[in-house]
Amino acid sequence: MSHRRRRKTRIVLTRAVVIAAALITVAAAALVVKLHGRPTANPAAPPAAAAHPKPRAFLGVYTPGVPQSYAGIQAFTAVTGVRPGVVVYYSGWMEQFQVRFAEMAARHHAVPLVQIDPTGISLTAIAAGKYDPYLRSYADAVRAFGGRVIISFGHEMNGNWYSWGYKHSSPTAFVAAWRHIFTVFRQQRAGNTTWLWAVNVIVPKQGVPSPARWWPGSRYVTWVGIDGYYIRRSWTFASLFGPTIKAVRKLTLDPIMISETGATSAAGKPAKITDLFAGTRDYGLLGFVWFNANSHGDWRISDPASSAAFRRAARTYQGSVL
């Protein structure tokens, strides 16, 4: 072999080693990201939706009067000292995206979280494309808004109290509907959508099973939400949310948030608020959404002790705090 050929061979081998090292570095970085719970790029998504970096910890809220008014959220800020990073409203099927509310939330440095409830709607019909004009219109409005929008479809599906839920609609039909909605948004290039798969805490004695059968797959989900409320004094974050977090972690390493929670006075609201902050931090979750309403229980933070507990815990929490 000539000197020139040997030199060319060494150059080729060197390049190959460099390329291989680069590929190994990229793979290792991807593994680290996955192990730390950050959402990975979705290979089925358009470039604009390919990455949703994990935000710093946030505090969210639902208050009555949204999306027509922001007054309840501002009142919550006045009581708790917290400027929410996520604001929730519940949307009926065929209801259009509330752009004005989303713009108002953006002005307050918050992200809208839309809980779309398909009450009385056939999940099979959704999956078959019957409602595609509505979905395309919705996706176009979200894309035109431009800011991040968190969308959850058919929350608490492993519970039996909604028409789309357990014992009313099949898990297979739910998964098909979820994937179809996601696909329509992808086709409309609404890449600013964060998909929140929100489940109820597992309560075997009340017939609320593990949500595993309703899991659409990591390609179709950005974050996971868990809904659960403190009703008894003996309940802790670990006992209330721990079993469901464990079940979710068997399905995915996607980031988890507590997407709906509260505590009654009978449960000891100030102590539960402290426990909620601590548990959210200790489990490494994204944050939580406080359900600040009097509905099937008074979850509002309105008494001085609860307000003080919320303010105190928020000061040490890495959220969006005044």
Same cluster or not: I231 versus I202, using hydrophobic residues (I, L, V, M, F, W, Y) connected whenever any side-chain heavy atoms lie under 4.5 Å apart?
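No: no chain of side-chain contacts under 4.5 Å links I231 to I202.
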Side-chain heavy-atom pair [X], [Y] within 4.5 angstrom cut-off:
{"X": "Q115", "Y": "V88", "answer": "yes"}
{"X": "E156", "Y": "V199", "answer": "no"}
{"X": "V208", "Y": "N160", "answer": "no"}
{"X": "T77", "Y": "P84", "answer": "yes"}
{"X": "T236", "Y": "L240", "answer": "no"}
{"X": "P216", "Y": "W197", "answer": "yes"}
{"X": "E95", "Y": "Y138", "answer": "no"}
{"X": "I73", "Y": "Y62", "answer": "no"}

Can you confirm whether or not the ring centre of W195 sits under 6.0 Å from the ring centre of W223?
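Between W223 and W195, which both carry aromatic rings, the centre distance is not below 6.0 Å.
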Side chain to side chain donor-acceptor pair (under 3.5 Å) pairs, two or more places apart, involving residues 256-267
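Qualifying pairs: Y90-E260, D227-S259, Y229-E260.
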I'd like to know if the side chain of [X] reaches the main chain of [Y], judged simply by a donor and an acceptor atom lying under 3.5 Å from each other, with no hydrogens or angles considered.
{"X": "E103", "Y": "R100", "value": "no"}
{"X": "S91", "Y": "V114", "value": "no"}
{"X": "S218", "Y": "T252", "value": "no"}
{"X": "T183", "Y": "R179", "value": "yes"}
{"X": "S307", "Y": "V79", "value": "yes"}
{"X": "T194", "Y": "I150", "value": "no"}
{"X": "S306", "Y": "D303", "value": "no"}
{"X": "R233", "Y": "A266", "value": "yes"}
{"X": "T274", "Y": "P270", "value": "yes"}
{"X": "N192", "Y": "V142", "value": "yes"}

Work out which heavy atom in Q188 is nearest to a heavy atom in A139; give both atom names and the distance.
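Of all heavy-atom pairs spanning Q188 and A139, the closest is CB-CB, 3.8 Å.
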For the student: nearest non-hydrogen atoms of F97 and A102, plus distance
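Looking at all heavy atoms of both residues, the closest pair is CZ-CB, 3.6 Å.
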Spacing of [atom1] belonging to [X] relative to [atom2] belonging to [Y], to within rounding of 0.5 Å:
{"X": "S163", "Y": "M157", "atom1": "OG", "atom2": "CE", "value": "12.5 Å"}
{"X": "R186", "Y": "I181", "atom1": "CZ", "atom2": "CD1", "value": "13.5 Å"}
{"X": "T222", "Y": "L196", "atom1": "OG1", "atom2": "CG", "value": "8.5 Å"}

List the residues meeting salt bridge (Lys or Arg N to Asp or Glu O under 4.0 Å) with [X], not counting sequence neighbours, and say none if there are none.
{"X": "R311", "answer": "none"}
{"X": "D132", "answer": "none"}
{"X": "D298", "answer": "R300"}

All ring-ring contact (aromatic ring centres under 6.0 Å, His included) counterparts of [X], not counting sequence neighbours:
{"X": "F101", "answer": "Y70, Y89"}
{"X": "F237", "answer": "F241, Y283"}
{"X": "W235", "answer": "none"}
{"X": "Y166", "answer": "W214"}

Any salt bridge (charged side-chain N to carboxylate O under 4.0 Å, His left out) involving residues 190-212? Give me the pairs, sequence neighbours left out, ordered by first then second residue.
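Qualifying pairs, neighbours excluded: none.
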Pairs under 3.5 angstrom only: tabulate donor-acceptor contacts from the side chains of residues 285-294 to other protein residues two or more places apart or in another chain.
unit_1: W290; atom_1: NE1; unit_2: W299; atom_2: O; d: 2.8
unit_1: N292; atom_1: OD1; unit_2: I301; atom_2: N; d: 2.8

Could you go through W164 and F153, starting from their C-alpha distance and side-chain angles, then the distance that decides it, and tell me whether this counts as ring-ring contact (aromatic ring centres under 6.0 Å, His included)?
CA-CA 10 Å; W164 60 85; F153 168 78; 7.5 Å; no
Quick one: sort the H155 and Y162 rings into parallel, tilted or perpendicular, breaks at 30° and 60°.
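Geometry flag for Y162 against H155: tilted rings.
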Using side chain to side chain contact (heavy atoms under 4.5 Å, CB included) as the criterion, list what pairs up with A278, not counting sequence neighbours.
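Only R281, D282 meet the side chain to side chain contact (heavy atoms under 4.5 Å, CB included) criterion with A278.
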Using side chain to side chain contact (heavy atoms under 4.5 Å, CB included) as the criterion, list what pairs up with T172, not counting sequence neighbours.
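Result, side chain to side chain contact (heavy atoms under 4.5 Å, CB included) vs T172: S170.
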Evaluate the criterion ring-ring contact (aromatic ring centres under 6.0 Å, His included) for residue pair F310 and F76; output intermediate values, then yes/no.
CA-CA 11 Å; F310 208 99; F76 176 83; 5.6 Å; yes
R143/D140 ion pair, N-O < 4.0 Å:
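Salt bridge flag = yes for D140 with R143.
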Do other residues, nucleotides or ligands put more than 12 heavy atoms under 6.0 Å from Q206 CD?
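No, CD of Q206 has 12 or fewer neighbouring heavy atoms, counting only those of other groups under 6.0 Å.
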